[in-house]
Amino acid sequence: MEANVFRFRDARSAPDPVLEAGPVAFGSQPVPLVLDNGSFQARAGWACPGPDPGPEPRLQFRAVCARGRGGARGGPGPQVGNALGSLEPLRWMLRSPFDRNVPVNLELQELLLDYSFQHLGVSSQGCVDHPIVLTEAVCNPLYSRQMMSELLFECYRIPKVAYGIDSLFSFYHNVPKNALSSGLIISSGYQCTHILPVLEGRLDAKNCKRINLGGSQAAGYLQRLLQLKYPGHLAAITLSRMEEILQEHSYIAEDYGAELQKWQCPDYYENNVHKMQLPFSSKLLGSTLTAEEKQERRQQQLRRLQELNARRREEKLQLDQERLERLLYVQELLEEGQMDQFHKALIELNMDSPEELQSYIQKLTLAVEQAKQKILQAEANLEVDVVDSKPETPDLEPLEPTMEDVENISDFEPLFSEETPEVEKPQVTTVQPVFNLAAYHQLSVGTERIRAPEIIFQPSLIGEEQAGIAETLHFVLDRYPKAIQDTLVQNVFLTGGNVMYPGMKARVEKELLEMRPFRSSFQVQLASNPVLDAWYGARDWALDHLEDSGAWVTRKDYEEKGGEYLKEHCASNTYVPIRLPKQASRASETQTSGRGSGASGSGAGDQA
């Protein structure tokens, strides 16, 4: 393997096993279920109390579904997550319950929850007797939360639920406990990026900002770049492979312009370009086949044609025999004197007279006999060598010279005697091809390594009229007094799967250095595990607040205050109740209409 040449892993997910029944209860409280409901990947597991809360989430699967074609006819039903295996063959069938990062499709969300509960071993009959901690989007629309609460309480009959933001749970997991921390969270996921200010342990929702760019847009941009660069490999440049390049071969440039200047140097390019090897076959069909292989292939084609013709003859013979039996049965009705039934049968056969019936019987009998003879002849021909039947298939004959052509050429042999060694067949076969197949099937990923992830800092690269992370960060900080700004920048926290690029922390530090006053200080911290810390933080929060009734939405709260109701806590959204416009009461409307009708009636009486 050459230097800087990498092969695609093309990882195929294995179906998740159905785990044994999990922990049912701990003391007087059932063990909570923690669900990180992400738009890219869903994670589910138990929040087990004790010194060792357990391993990482039991389930991790892609938050997509695909419905089988034969689900309504007894075939395979909907497939979810890791049960799909490779996503690329099913890309056109994939469905997600999310619009950006907000769940909007209740039916598909129910499939994801069913998959999670089934594989976690939740064995409750008709209900899930466990509290649930569920992540939701920043400033989640009330309709989405109402839909989710309705699904959990009405369909699964859970006792209580707590909603929280994934990035705040990650922040909760990485900050010291029992401390009302303030900070600025930069959370970049699969569909969007958020800038979240946290003041004394609570989210300041009024100053949150969202950028509609994330890992999905970066993968799509990288796919377009490489497809334009390699139009001969359009089908091989898939989204799954682009996500693999982003995760393993891309990085964030600390200075994007200066980094592009470096890539213009040929030596730098050769040392840093990553060549992605696409799968290919080293055997070219039709060019490396020997004469024996070609002959064998022709024989196989001829056998398949003969078998196909024989099968068609047998099917036609069977149909003719069935119709002949039907006609003979009608003729027997005539001979037995059952005239009523005979005339009805003639009408069904669309015939007018017994003579016409007899004519059809004779023709069908002759056709059946001829078909039987053809079948017997075809079976006899199958025993003969296929080579003997080549004249019957001239279109399959090779373009080789006949003996007469060879004799004519031999007359001119003295004229070309000096060139005959160069055109001898053994020498032609020993010539090595100049064309390198492996190099043709390589994708040279150079500046694309930094151009694709750069879109979260410069959305204009893909034509988006949005502000990047640096501009949005500066805008959020400007909304606070100087003292609060100094407090926020002392704890800039990076989390989410789209911040795992090498150089991300250094780039944010450089941007802060440019926008902050001279000699001011700031601290940038990267989550210990940007992908799983949201689930770990939700698990920690569930264990710390298991007995806190002021953080959980119970079934009684759902029935009294509606599905959009939310109890606020350190990792939750801010609850904004629905305020409907005041409407005039029906009594006042009736009185107004009565007065109006009375006045019009008196006016009419005066006129009379």
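Given the structure is predicted, the values throughout are model-derived calculations rather than measurements.
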Looking only at non-hydrogen atoms, find the nearest pair between [X] and [Y] and report the distance.
X	Y	answer
F98	P103	CD2-N, 3.6 Å
P57	L532	CG-CD2, 4.1 Å
L546	W552	O-NE1, 4.1 Å
V476	K209	CG2-CG, 3.5 Å

Side chains of V133 and W541: closer than 4.5 Å at any heavy-atom pair?
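Yes; the side chains approach each other to less than 4.5 Å.
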So, do L90 and V64 sit near enough that their side-chain heavy atoms are less than 4.5 Å apart?
->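 No - every pair of side-chain heavy atoms lies 4.5 Å or more apart.
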Between the main-chain N or O of [Y] and the side-chain N or O of [X], is there a donor-acceptor pair closer than 3.5 Å?
X	Y	value
N573	A137	yes
E564	P577	no
H233	Y440	yes
Q227	R224	no
S13	G85	yes
H569	Y163	yes
E259	G257	no
Y230	S444	yes
Q466	P459	no
R62	L87	no

Test ring-ring contact (aromatic ring centres under 6.0 Å, His included) applied to Y558 - qualifying residues, sequence neighbours left out
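Testing Y558 for ring-ring contact (aromatic ring centres under 6.0 Å, His included), a comparison that skips the adjacent residues, returns F153.
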Establish, from distance only, whether the side-chain atoms of [X] and [Y] form a donor-acceptor pair under 3.5 Å.
X	Y	result
R479	N207	yes
D540	H173	yes
Q523	Q490	no
D533	S528	yes
N498	S188	yes
N82	D16	yes
D204	Y480	yes
Q109	N37	yes

Practice task
If a pair satisfies salt bridge (Lys or Arg N to Asp or Glu O under 4.0 Å) and one of its residues is in residues 450-463, list it, with sequence neighbours excluded.
Solution key: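 Only E454-R507 qualify under salt bridge (Lys or Arg N to Asp or Glu O under 4.0 Å).
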Enumerate the residue pairs fulfilling salt bridge (Lys or Arg N to Asp or Glu O under 4.0 Å) with a member in residues 87-102, sequence neighbours excluded, ordered by first and then second residue.
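Qualifying pairs, neighbours excluded: E88-R91.
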Does [atom1] in [X] sit with more than 12 non-hydrogen atoms of other residues, nucleotides or ligands closer than 6.0 Å?
X	atom1	answer
E110	CD	yes
E200	CD	no
Y143	OH	no

Parallel, tilted or perpendicular: which one describes the rings of F280 and H441, with boundaries at 30° and 60°?
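Plane angle under 30°, so parallel.
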Reported CD1-to-CD1 distance for the pair I462 and I455, which is rounded to 0.5 angstrom:
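Nearest 0.5 Å value for the CD1-CD1 distance: 4.0 Å.
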Practice task
Calculate, to the nearest 0.5 Å, the distance between atoms NE2 and CG belonging to H119 and L19 respectively.
Solution key: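 Rounded to the nearest 0.5 Å, the NE2-CG separation comes out at 8.0 Å.
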Check Y536, F169, W535 against D36 for a side chain to side chain contact (heavy atoms under 4.5 Å, CB included) and give me the one that passes.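 That would be W535.
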